[in-house]
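Numbering starts at 1 and runs along the sequence shown.
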Amino acid sequence: MNFPSHRFYEDLIALFCAGVLVSFGIVLFEKHNLLTGGTAGIAIIGTHLTSLSFGLLFFLVNIPFYYIAWTRLSKRFTINTFISVTVVSVMTEKMGSFITISHIEPLFSSIVGGILIGVGVLIMFRHKSSLGGLGILALYLQNKFNIRAGKFGLLIDALILSSSIFIFSFDLVILSIVGAITLNLLVAVNHKPGRYQAYIEPKNEPKITDTATQT
């Protein structure tokens with residue numbers, strides 16, 4: 001099965017839209033100091049432990065994983081992922097200049113934030129991209145060992161969020177887990193083998209032998 005064909009400018013438009021959705025979801029999480037999983041969750045935790053911003057930390061945490069994407073997946077996937085991570089890093093920093101949220105219920109933030117991030121991730125997957133970091137590892141495992149990216153992500157997110165209970169309040173962690181479950185269930189249900197996967201291992205073409213040289 002092959003990728004759906006997308007031109008580069010189509011990827012750029014889609015990845016920008018996906019980045020806006022993900023960024024807005026993160027803003028909803030940040031409104032109540034909620035957490036998420038993956039490298040985004042690591043970056044959010046980092047903002048509470050350091051003076052660095054989310055955008056900068058998110059960009060830096062993803063850098064080591066580009067090697068896996070470049071060598072184990074594909075160059076186009078790596079470039080598109082770099083674009084996605086950059087858009088999310090910039091948009092989360094600038095979102096406050098465009099919108100102001102005066103009030104939003106915490107449970108609504110966790111569920112809708114998870115939906116927005118999940119939809120953004122699905123768009124990225126369709127256009128051979130991801131949010132980088134652990135998402136790259138999840139995609140690699142799915143394509144090599146048929147381990148669902150959503151289920152793997154849910155496991156990793158559970159480990160990240162459960163460890164955060166030593167830093168944050170219990171009710172905050174519970175709401176964050178609700179958001180992570182919403183996000184990863186959305187990905188697990190919709191991102192299955194053969195359904196717009198972000199990377200598919202190319203099949204080896206059969207070698208053509210010159211029968212004349214064999215006679």
Side-chain angles (χ1 to χ4, degrees), residues 16-65 84-124 130-138 149-188:
F16 176 77
C17 294
V20 172
L21 290 174
V22 171
S23 300
F24 191 39
I26 292 174
V27 167
L28 293 183
F29 278 8
E30 289 182 331
K31 182 66 179 177
H32 291 287
N33 292 320
L34 301 180
L35 308 172
T36 186
T39 47
I42 295 173
I44 291 176
I45 292 175
T47 61
H48 292 270
L49 301 178
T50 69
S51 59
L52 299 178
S53 65
F54 169 84
L56 179 58
L57 281 170
F58 182 63
F59 186 84
L60 293 176
V61 168
N62 277 289
I63 290 177
F65 292 94
S84 297
V85 170
T86 302
V87 171
V88 172
S89 298
V90 173
M91 287 302 299
T92 50
E93 293 295 308
K94 301 299 182 181
M95 192 72 73
S97 302
F98 305 119
I99 60 172
T100 300
I101 301 175
S102 59
H103 175 74
I104 185 169
E105 290 295 325
L107 183 59
F108 184 86
S109 291
S110 65
I111 294 175
V112 176
I115 291 173
L116 288 171
I117 297 173
V119 172
V121 168
L122 287 172
I123 295 174
M124 291 177 184
S130 74
L131 275 178
L134 297 173
I136 292 175
L137 181 59
K151 291 182 179 179
F152 177 79
L154 187 59
L155 174 62
I156 297 299
D157 290 353
L159 293 175
I160 293 174
L161 292 173
S162 60
S163 63
S164 68
I165 198 170
F166 299 103
I167 305 174
F168 303 97
S169 63
F170 181 74
D171 58 337
L172 183 69
V173 174
I174 293 299
L175 285 171
S176 300
I177 291 174
V178 171
I181 291 174
T182 303
L183 190 167
N184 285 287
L185 283 180
L186 188 64
V187 174

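The line from CG of Leu35 to CD1 of Ile165 is 11.0 Å long, rounded to the nearest 0.5 Å. With rounding to the nearest 0.5 angstrom, the OG1 atom of Thr86 is 9.5 Å from the CZ atom of Phe58. Interatomic distance, CD1 of Ile160 versus CD1 of Ile177, reported as 12.0 Å (0.5 Å rounding).
Residues passing the side-chain contact (heavy atoms from CB on, under 4.5 Å) test with Ser169 are Asp171, Leu172, sequence neighbours excluded. By the side-chain hydrogen bond (donor to acceptor under 3.5 Å, both in side chains) test, Ser84 pairs with Ser129, sequence neighbours left out. Applying the ring-ring contact (aromatic ring centres under 6.0 Å, His included) rule to Phe65 yields no partners; only residues at least two apart in sequence or on another chain are considered. Remark: Val61 pairs with Thr39, Ile42 by the side-chain contact (heavy atoms from CB on, under 4.5 Å) rule, at least two apart or across chains.
Applying the side-chain hydrogen bond (donor to acceptor under 3.5 Å, both in side chains) test to pairs two or more places apart or on separate chains, those with a residue in residues 46-59 are Ser53-Glu93. Applying the side-chain hydrogen bond (donor to acceptor under 3.5 Å, both in side chains) definition to pairs two or more places apart or across chains, those involving residues 101-115 are His103-Glu105.
Val88 has its side chain within reach of Met124: a pair of non-hydrogen atoms, C-beta onward, lies under 4.5 Å apart.
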Taking distance alone, no hydrogens or angles, what donor-acceptor pairs closer than 3.5 Å link side-chain atoms of residues 18-32 to residues at least two apart or in another chain?
| unit_1 | atom_1 | unit_2 | atom_2 | d |
| --- | --- | --- | --- | --- |
| Ser23 | OG | Gly19 | O | 2.7 |
| Lys31 | NZ | Ile101 | O | 2.5 |
| His32 | NE2 | Ile104 | O | 2.4 |

Under 3.5 Å, which donor-acceptor pairs link side chains of residues 111-122 to any protein atom two or more places apart or in another chain?
none

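With Phe168 as reference, Ile45 is the one residue of Leu34, Asn33, Ile45 to meet the side chain to side chain contact (heavy atoms under 4.5 Å, CB included) rule.
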